[in-house]
2 protein chains.
Amino acid sequence: MKKAEETKQIILDKAYELIYSNGYHATSIDDIIHASRLTKGAFYYHFKNKEEMALAMLNDVLFPYLEETMVQPLNNALSPADDLYGMLSYLLLDDPYFEPAFGCPLGNLIQELAPTNGSLNSALLTMTNAWEEAIVKCVNHGKKTGLLKVETKAKQVAYFIMSGYWGARLLGKIHASDAPYKVYLKEVKQYLQSI
Amino acid sequence: MKKAEETKQIILDKAYELIYSNGYHATSIDDIIHASRLTKGAFYYHFKNKEEMALAMLNDVLFPYLEETMVQPLNNALSPADDLYGMLSYLLLDDPYFEPAFGCPLGNLIQELAPTNGSLNSALLTMTNAWEEAIVKCVNHGKKTGLLKVETKAKQVAYFIMSGYWGARLLGKIHASDAPYKVYLKEVKQYLQSI
DNA sequence: CATAAAAAATACTAGTTGGTATGTTTTAGG
DNA sequence: CCTAAAACATACCAACTAGTATTTTTTATG
């Protein structure tokens with residue numbers, strides 16, 4: 001009962017690593033069980049198929065971490081501009097689990113799986129909506145406290161921030177460097193002062 | 001001599017369509033020849049392997065079109081803000097070959113192929129750099145004519161615009177709609193007036 | 001129209017994929 | 001300790017992958 005949960009967690013952790021760096025389709029079940037030092041029997045004892053494993057990986061590994069790094073920092077309610085910049089800056093430059101060459105794990109999966117439209121896709125949408133909502137709340141709070149202009153549209157800002165972040169991840173990927181992040185962050189800082 | 005070029009073009013066109021909508025790895029050679037109503041013999045007569053075919057697809061199909069829609073509109077030299085907005089707006093809302101559910105063909109391939117680092121990757125980087133350069137030139141021209149602030153940093157603006165566009169494509173993909181594009185465009189319009 | 005080369009079709013291979021069926025070991029509870 | 005279920009291993013399968021070898025058809029040209 002206890003050991004089983006451990007190996008299940010090992011599979012999910014290794015699956016996350018491999019899928020983050022290589023993509024969902026490019027990561028085979030053989031790859032995952034080999035990295036986990038396990039066999040097919042173990043894998044299919046714990047998961048019905050690849051898709052259900054990936055869903056568990058999202059809910060148990062990726063989403064809790066994204067909640068921690070993308071959503072919670074926006075509940076600080078200090079200055080919206082600082083909170084938003086801090087979230088972006090941490091994600092792009094300081095986060096120890098993300099690498100420029102591998103992009104954003106959430107963005108990668110959306111890119112790869114969105115057209116297929118399975119159960120994974122709706123999970124990705126839910127996480128995306130949670131992030132959007134956190135930004136919207138952050139901006140609206142700033143408008144109430146007078147730190148942001150009243151005419152600022154929260155949803156527009158949210159989409160603008162999210163888009164910029166995900167696109168910056170692409171630039172980092174094609175350049176295999178965090179240099180684009182720094183350039184992007186300078187401009188987003190100016191933008192945040194203008195709203 | 002003439003017929004051969006025709007079938008070659010058919011393969012490249014179908015390959016582009018399939019890869020744009022399904023991704024590079026998810027598109028098999030069998031898929032391509034089936035859509036082209038051809039066979040393996042024809043495919044491997046014209047191309048050495050899948051990668052070289054994809055490279056030809058980029059150079060003969062995708063890049064010329066991107067040059068036309070992403071780069072040339074910025075050579076208008078009217079108003080940089082209007083030129084940049086016009087390029088983004090056309091790409092996101094009016095372009096007949098791009099669909100929200102399938103994202104940006106260039107962005108998709110960067111996302112999928114950047115970690116592998118083959119010959120395709122350097123081609124994608126070259127195209128990306130051409131786009132960046134066009135935006136930089138556009139901004140710098142605007143600074144000279146006084147339409148943009150002198151303190152505006154061209155490269156920062158370029159990365160900001162490119163990031164926003166690619167990220168908006170992701171939002172469109174996860175929502176399978178062009179609604180996020182419209183929200184993004186409203187905010188980018190305001191941003192362009194602030195530089 | 002004959003013919004050689006070009007263009008394309010057919011048949012095949014070796015390796016990989018997700019998934020299954022059937023074993024063997026390990027573990028918890030009486 | 002015994003035993004049944006849980007946890008995992010091994011062996012296998014059909015479908016699919018990129019790519020090759022060989023054969024057939026089509027085309028241009030003397």
Side-chain angles (χ1 to χ4, degrees), chain A residues 1-58 60 109 112-113 115-121 123, chain B residues 1-58 60 109 112-113 115-121 123:
Chain A
M1 288 280 187
K2 193 67 183 305
K3 182 83 185 313
E5 284 303 313
E6 270 180 40
T7 66
K8 192 173 179 177
Q9 199 61 39
I10 288 174
I11 292 175
L12 293 180
D13 287 342
K14 292 294 179 185
Y16 166 74
E17 283 180 32
L18 291 170
I19 290 174
Y20 173 45
S21 50
N22 301 331
Y24 179 77
H25 286 115
T27 301
S28 70
I29 294 177
D30 280 352
D31 291 338
I32 294 169
I33 61 180
H34 185 259
S36 307
R37 295 170 172 272
L38 290 167
T39 58
K40 282 245 167 100
F43 184 95
Y44 281 96
Y45 175 78
H46 290 284
F47 306 102
K48 211 183 86 188
N49 51 35
K50 187 181 179 182
E51 189 174 354
E52 288 220 353
M53 183 280 299
L55 200 59
M57 181 272 280
L58 291 182
D60 295 5
L109 288 170
E112 195 176 351
L113 301 177
T116 71
N117 218 36
S119 66
L120 292 176
N121 203 28
Chain B
M1 287 280 188
K2 192 67 183 304
K3 183 80 185 315
E5 285 303 313
E6 270 179 40
T7 66
K8 193 173 178 179
Q9 199 61 39
I10 288 174
I11 292 174
L12 293 180
D13 287 343
K14 292 294 179 185
Y16 166 74
E17 282 180 33
L18 291 170
I19 290 174
Y20 172 44
S21 50
N22 302 330
Y24 178 77
H25 286 115
T27 302
S28 70
I29 294 176
D30 280 351
D31 290 338
I32 295 168
I33 62 180
H34 186 259
S36 307
R37 297 171 172 271
L38 291 168
T39 56
K40 282 246 168 100
F43 184 94
Y44 281 97
Y45 176 79
H46 289 284
F47 305 103
K48 213 183 84 188
N49 50 36
K50 187 182 180 183
E51 189 174 356
E52 289 220 351
M53 183 281 299
L55 199 61
M57 181 272 280
L58 291 182
D60 294 5
L109 288 170
E112 193 176 353
L113 301 177
T116 71
N117 218 37
S119 67
L120 292 176
N121 203 29

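Chain identifiers are assigned alphabetically (A, B, ...) following the order of the sequence lines, protein sequences preceding nucleic acid strands; residue numbering begins at 1 within each chain. No experiment lies behind these values; they were computed from the predicted model shown.
One atom, NE2 of His25(B), and another, C1' of dT17(D), lie 12 Å apart when rounded to the nearest Å. As a whole-Å value, the separation of Arg37(A) CZ from dA9(D) P is 12 Å. Taking atom CD on Glu5(B) and atom C1' on dA28(D), their separation rounds to 15 Å, with Å as the unit. The interatomic distance linking Ile32(B) (CD1) with dG19(D) (P) rounds to 11 Å, in whole Å. Between Met53(A) atom CE and dG18(C) atom P there is a gap of 9 Å when expressed in whole angstrom units. The OH-C1' distance, from Tyr44(A) to dT22(C), rounds to 16 Å in whole Å. Rounded to whole angstrom, the span from the CZ atom of Phe43(B) across to the P atom of dT10(C) amounts to 18 Å. Whole-Å rounding puts the Ile11(A) CD1 to dA7(D) P distance at 12 Å.
The side chain of His46(B) contributes an N or O atom lying less than 4.0 Å from OP1 or OP2 of dA8(C). A close approach under 4.0 Å does not occur between any side-chain nitrogen or oxygen of Thr7(A) and OP1 or OP2 of dA7(D). For the OP1/OP2 pair of dC8(D) and a distance below 4.0 Å, the side-chain nitrogens and oxygens of Tyr45(A) include no atom meeting the criterion.
Here the closest heavy-atom approach between residue Thr27(B) and residue Lys50(B) is recorded as O-NZ, 2.9 Å. Taking every heavy atom of both residues into account, Lys14(B) and Ile32(B) meet most closely at CB-O, 4.5 Å. Of all heavy-atom pairs between Met57(B) and Ile19(B), the closest is CE-CD1, 3.8 Å. A pairwise comparison of heavy atoms in Glu51(B) and Ser119(B) identifies OE2-OG, 3.0 Å as the closest pair. Considering every non-hydrogen atom in both Thr116(B) and Leu113(B), the closest pair reads OG1-O, 2.7 Å. When every heavy atom of Asn49(A) is checked against every heavy atom of Tyr44(A), the shortest pair comes out as CA-CE2, 4.0 Å.
With hydrogens and angles disregarded, a donor-acceptor distance shorter than 3.5 Å links the side chain of Glu112(A) to the backbone of Tyr24(A).
Set against dG18(C), dC8(D), dA8(C), the side chain of Leu38(A) has dC8(D) as its closest nucleotide. For Thr39(B), the listed nucleotide lying nearest its side chain is dA8(C); candidates were dG19(C), dA8(C), dT10(D).
Relative ring orientation between Tyr16(B) and Tyr20(B) is described as parallel, the plane-to-plane angle staying below 30° on a 0-90° scale split at 30° and 60°.
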Protein and nucleotides 14-16 of chain D: nitrogen or oxygen contacts under 3.5 angstrom:
none

What are the atom names and distances for every N/O pair under 3.5 Å that joins the protein to nucleotides 11-15 of chain C?
none

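A 4.5 Å side-chain heavy-atom check between Leu58(A) and Leu109(A) finds at least one atom pair inside the cut-off.
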